[in-house]
Amino acid sequence: MTTVAIVNARLLDPATDYDGPGGLLIEDGRIVRVVHGASPIEADQLIDADGLCLAPGLIDIRVKTGEPGAEPKETLKSASLAAAAGGVTTIVVQPDTDPAVDDPAMIDFIQRRGAALNLVNVRAAGAATKALDGQRMAEIGLMDEAGALYFTDGDKVIVNSRTLQRVMSYAAAFNALIACRPSDPWLTEGAVAASGELATRLGLSGSPAIAERIGLERDLALVEQTGARFLVDQISTEGALETLARARAKGLEVAVSVSINHLCFNEVDIGDYRTFYRLDPPLRSEADRQALVEAVREGLIDVITSAHAPAPAEDKRRPFAEAAPGAVGLETLLPAALTLHHEDGLDLLDVLRPLTQGPAALLGLDAGVLAEGAPADLVLFDLGAPIIVDADALHSKSKNSPFDGRRLQGKVIGTWVGGRKVH
Amino acid sequence: MTQPSDVTDQTIRDRLVPFPKPHFLAASDLNPFVTPQLLDLGDAFVDFNRQSSKALDLLHGRTVVNLFFENSTRTSSSFEIAAKRLGADVVTMPVGSSSVKKGETLIDTAVTLNAMKPDILVIRHGASGAAELLSQKVGCAVVNAGDGRHEHPTQALLDLLSMRRAFGDVTSLTVAICGDITHSRVARSNVALLQMMGARVRLIGPPTLVPGDADRWGCEVFHDMREGLQGCDVVMMLRLQLERMAGALVPSTREYFRFWGLDREKLAWAKPGARVMHPGPMNRGVEIDSDVADDLDVSLIQDQVEMGVAARMAVLASLSARWGDK
């Protein structure tokens, strides 16, 4: 078996808090040696990183595709290509497809299709309820056996508290992770933007921040009662962070994710009805954004996701309230996250942790670290290189990127999955 | 133990023990002293029932009314046969199809029946506490044949009789009760009686079917069959009601069978020589595999039905022994 070494790199490993010079030896798809400092490494093939940043490949746990059911939007292949180009080495696709990923055969289907592409690791989240109907519990045990990494109804809130209670309690038997969007369905009905002065002026229906807090309070109470492993999926408000802090102070162990969009943008970006900024949950105030960034800095956020949600132009080129919510984000995830370092002054490791080790630990993956024995899922990037995002050049079939035309700093130079160069 | 041909009216009378309470409403109406005596009596009835002539006159001239508000073929026949073999006059009333539909309340029915002066009322009802309520309103003995999800005490007694005959001693047994504990009156009665007799009881099932506070019943609770079955002498499977499947409490029958259905593989996790029980009727391929259910080397399920008649004869006879010869 040939060995490959990446040398002369700036290693960034959030798991060990190492940020310094070094190199890696890769054999048989795995990291077999991690060298800190400038010691030379013997290998059949040497790759000189020339001082660029080498980090564990990103793990994006919230990726929507259109496969099966809406392939023109996005396929597993186009999403995998976008991921590889963005330095994302593992994607976890969402179950809200058509049909929904709600039985073990569908989990198997996604994993097989993903593996056959030979690009990035494609894993699946299973539906928490059958056909995402919020009523009938899905086959959590069988899907767990088939390889589902967690269970969620995606953007749909499980309104019936008894159903959610049963799902949580049942999943606990398998130590399975349940993820839910915190939201009160009635307060957010018809909402397309964050409640506030701006939405009022634009004449858009607003989603109040308390809707998130009310939903979260309910979910956390159920977690407390059932003992479920739980991920608060996509927090977007300062108020919800406070609720979460209170629960954690009481000893409740829950994980929380935030989308990259809510760390980079605020409601003002909607400007004059730019539908690429129509997201769900909606972009919030700058105070909310700053609170979320601060939470990342303090290590309170377990996972940052791209919240990749492809929507074709015809679904976006509509009046704001009628436009499809969501944004693609796989390919821009890393450079967008690096703005937290460049502009908000976060430590590089603190930015990378919720993109690598955080999701890996949450989902029980052996990736996300630069350690001997870990899979050689890696991203090599130029931290300072300026880029201008060109949505048309993205690999995603849908080009609905809110970063289109934006100047970012940080360019992916190479992506390896299991030691294989995929970008 | 007596030979079948030896069982006479006198054998039975010698073993007759007065029931400790005027009614048999819950397993707690028994006590650790009388229970073994009732089982001895049950043993005698088993032998008696295996004779060709099965007529006794212990309950001669007495009237037993079977009042079944829920449909049940096996339990009502079991009680009917038990009472008839003891010489009683038996009336089985399928109440589910008569007065209840005309709007009569349970108490009205009870008062009406009471006026007909029965000696024993056997009641099954869908509401927990129905047997207790009835017992307060009638002048005769009441036997609970299942009230809601509360108790089914004669089932526990017949299960205990089956276990004692299979193992000789029940005090050192570890019994796993598996499946839908939450909605099971069989589980509640068995937990109470087995614990009274010193056996260890484990409850195994998905968290949606095991009450959250079941650990306070003095049982060990498991959600994983492999962990829970380890070291068990008896694996008692419960029926999963069809309406609980299809997503409400369990995602599907195939998932339930995969994780909680008893098949050879799972049975092998129990103690070697472990025996399998089921109160019936079984959902084959849901909570139990036919391969296990029909294997007479491990399954006590057929025995349970036979013990049912004997145990109920013991209960009816001992209730009548309280009356003396008045």
Side-chain angles (χ1 to χ4, degrees), chain A residues 95 99-108 126-148 150-153 156 158-178 221-230, chain B residues 149 176-184 202-216 219-230 237-238 240-263 265-266 269 285-287 289:
Chain A
V101 181
D102 64 356
D103 78 358
M106 286 297 292
I107 298 287
D108 197 50
T129 64
K130 288 175 186 168
L132 309 167
D133 69 1
Q135 298 295 333
R136 298 164 300 148
M137 196 193 306
E139 291 176 319
I140 290 169
L142 294 174
M143 285 193 279
D144 180 62
E145 272 195 332
Y150 68 96
F151 300 91
T152 177
D153 273 6
K156 285 191 167 179
I158 298 177
V159 178
N160 186 329
S161 300
R162 193 169 73 162
T163 303
L164 183 58
Q165 179 196 44
R166 286 172 172 174
V167 164
M168 283 189 185
S169 146
Y170 186 79
F174 301 93
N175 202 26
L177 179 72
I178 302 294
L222 290 172
V223 172
E224 197 178 323
Q225 189 215 18
T226 59
R229 281 183 62 221
F230 190 70
Chain B
R149 56 171 85 165
I177 305 178
C178 312
D180 184 359
I181 312 290
T182 301
H183 304 93
S184 176
R202 294 181 185 172
L203 303 174
I204 313 176
T208 42
L209 296 178
V210 181
D213 40 18
D215 53 337
R216 293 198 217 154
C219 306
E220 284 180 277
V221 175
F222 296 88
H223 301 306
D224 181 84
M225 287 284 270
R226 183 191 285 265
E227 269 175 55
L229 288 181
Q230 220 163 60
M237 301 307 297
L238 299 174
L240 183 66
Q241 302 289 346
L242 287 159
E243 63 268 24
R244 316 232 194 276
M245 299 177 219
L249 290 160
V250 174
S252 63
T253 56
R254 67 174 181 178
E255 175 151 330
Y256 188 79
F257 184 72
R258 167 69 188 82
F259 295 104
W260 292 282
L262 190 69
D263 55 12
E265 192 193 339
K266 295 195 189 78
W269 299 332
V286 178
E287 71 260 0
D289 195 4

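Sequence lines set the chain letters: A, B, ... in the order given, protein chains first and strands last, and positions in each chain run from 1.
Rounding to the nearest 0.5 Å gives a distance of 9.0 Å between OG of B/S252 and CG of A/D103. Note that the OG1 atom of B/T208 and the CE atom of A/M168 stand 14.5 Å from one another [nearest 0.5 Å]. Separation of atoms OH (A/Y170) and CD (B/E255) is listed at 3.5 Å; rounding is to 0.5 Å.
Contact record, B/R258 with A/L142: CG-CD2, 3.6 Å, taken as the closest heavy-atom pair. The minimum heavy-atom distance between A/M137 and B/V250, with the atom names listed, is CE-N, 4.3 Å.
The environment of A/Q165 atom CD is dense: over 12 non-hydrogen atoms of other residues, nucleotides or ligands sit within 6.0 angstrom.
Taking 4.5 Å as the limit, every side-chain heavy atom of B/P251 sits out of range of all side-chain heavy atoms of A/M143.
Only the side chain of A/E145 has a heavy atom closer than 4.5 Å to any heavy atom of chain B.
Ranked by heavy-atom pairs under 4.5 Å with chain B, the list A/G141, A/A173, A/A171 is led by A/G141.
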